[in-house]
Each structure stands twice: as C-alpha cells, then as structure tokens.
Amino acid sequence: QVQLVESGGGSVQSGGSLRLSCAAPGYTYGYYCMGWFRQAPGKEREGVAGIASDGFTTYADSVKGRFTISQDNAKNTLYLQMNSLKPEDTAMYYCAAAPRPSCRYWLLLRHVMYSYWGQGTQVTVSS
C-alpha cells in the first residue's frame with residue numbers, strides 16, 4: 001500500500017503562485033507514474049498533470065504554460081508548481097500513483113489508471 005501525503009495548498013489571489021508537494025515515504029517514485037488531479041465542488045475529478053516513470057509529462061489544456069509537474073526521486077516527492085493562478089483553479093488537489101506496469105501515456109490524466117491516492121490539499125484562488 002502506497003501512502004501519499006499532499007501539502008502546499010492555501011489561499012492566494014488571482015495571478016499568484018503555489019507549489020504543491022506529494023510525499024511517499026519509503027517508496028521509490030521512479031517505479032511509478034504520478035499524476036495531479038483536482039475536484040471542485042459539484043464537478044468531476046479532472047486530471048491536471050501527469051508524469052511517467054521515464055519523465056514524460058502531459059498537462060490539461062487549461063493549465064498548459066502555467067503549471068509544471070516534477071519529481072525528486074531522491075526525496076520521493078512529487079511537485080506541482082502552479083503559476084498565474086485563476087479563480088477557476090480553485091479545487092481540492094490530489095496526487096495519485098500508478099505502478100509502472102499499469103502506466104500508459106494516454107492514461108496519465110485519467111483517474112482509472114491510478115491505484116493510490118492522497119487525501120488532498122485545498123487550493124483557493126480569489127479574484
């Protein structure tokens with residue numbers, strides 16, 4: 001069982017930045033594909049960014065050019081740098097992990113691929 005712990009959420013004004021972190025103590029991130037998802041009240045969970053074990057990354061169109069996913073395998077930590085935040089980015093953000101045999105590039109933004117989920121961290125962007 002992989003335990004994922006997100007942090008870094010908070011409240012910022014439109015145009016501001018936040019960096020989310022997702023830690024998995026005791027596990028090797030290089031073995032997994034990782035993703036960031038978000039869910040706003042009354043909306044479905046949507047994939048925001050994904051990174052494969054070979055470093056391939058993909059982003060939702062709504063965040064391209066503003067968000068950057070990265071990971072530090074030595075620290076077993078996944079990051080999501082969020083710049084130029086907008087009120088529509090307000091949501092609970094979750095990180096997720098999928099073992100390498102399950103990874104597919106075209107599924108990085110699809111929640112069905114992921115086996116492990118964190119509890120989420122709230123991001124609120126005010127106008």
Side-chain angles (χ1 to χ4, degrees):
Q1 186 74 14
V2 177
Q3 292 189 335
L4 304 173
V5 181
E6 301 97 334
S7 62
S11 297
V12 295
Q13 291 191 328
S14 181
S17 298
L18 285 173
R19 188 176 78 158
L20 306 183
S21 300
C22 176
Y27 293 92
T28 303
Y29 265 170
Y31 181 70
Y32 296 88
C33 289
M34 304 294 299
W36 284 101
F37 290 75
R38 67 186 181 188
Q39 188 167 19
K43 295 188 177 181
E44 292 186 355
R45 188 171 297 192
E46 64 170 337
V48 174
I51 183 166
S53 55
D54 62 1
F56 175 85
T57 59
T58 189
Y59 298 89
D61 288 344
S62 59
V63 306
K64 280 181 182 176
R66 300 188 298 123
F67 290 11
T68 303
I69 188 172
S70 62
Q71 60 187 28
D72 184 334
N73 289 342
K75 296 182 179 180
N76 280 354
T77 302
L78 178 74
Y79 301 101
L80 184 68
Q81 179 66 44
M82 305 186 296
N83 298 328
S84 302
L85 283 162
K86 304 175 181 180
E88 51 263 44
D89 295 317
T90 295
M92 186 72 77
Y93 282 71
Y94 301 88
C95 67
R100 187 185 295 169
S102 302
C103 295
R104 301 291 185 272
Y105 287 169
W106 58 91
L107 293 177
L108 281 170
L109 298 183
R110 298 287 305 278
H111 64 86
V112 294
M113 188 180 78
Y114 294 90
S115 304
Y116 307 104
W117 293 85
Q119 293 301 306
T121 185
Q122 178 68 38
V123 171
T124 303
V125 184
S126 58
S127 57

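Other residues, nucleotides and ligands contribute over 12 non-hydrogen atoms within 6.0 Å of the CD atom of Q122. Crowding of Q119 atom CD: a count of heavy atoms from other residues, nucleotides or ligands under 6.0 Å not exceeding 12.
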Test ring-ring contact (aromatic ring centres under 6.0 Å, His included) on W36 and F67 and set out the steps.
CA-CA 11 Å; W36 284 101; F67 290 11; 9.9 Å; no
Applying side chain to side chain contact (heavy atoms under 4.5 Å, CB included) to M82 and Y93, what does each step give before you reach the verdict?
CA-CA 12 Å; M82 305 186 296; Y93 282 71; 3.9 Å; yes
Let's go through R38 and V63 carefully: what are the C-alpha distance in whole Å and the side-chain angles of both, what is the deciding distance for side chain to side chain contact (heavy atoms under 4.5 Å, CB included) to 0.1 Å, and is it a yes or a no?
CA-CA 12 Å; R38 67 186 181 188; V63 306; 4.0 Å; yes
Between T58 and Y105, does a side chain to side chain contact (heavy atoms under 4.5 Å, CB included) hold up when you go through it step by step?
CA-CA 8 Å; T58 189; Y105 287 169; over 6 Å; no
Check against side chain to side chain contact (heavy atoms under 4.5 Å, CB included), L78 and L4
CA-CA 10 Å; L78 178 74; L4 304 173; over 6 Å; no
Stepwise salt bridge (Lys or Arg N to Asp or Glu O under 4.0 Å) test for D89 and K86:
CA-CA 5 Å; D89 295 317; K86 304 175 181 180; over 6 Å; no
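Two residues are said to be in side-chain contact when any heavy atoms from C-beta on lie closer than 4.5 Å; L108 and Y114 meet this criterion. Y59 is listed as a side-chain neighbour of T68, based on a closest heavy-atom distance under 4.5 Å.
Rounding to the nearest 0.5 angstrom, the gap separating the OG1 atom in T124 from the CD atom in Q13 is 12.5 Å.
Nearest heavy atom pair, residue E6 against residue Y94, reads OE2-CA, 3.3 Å.
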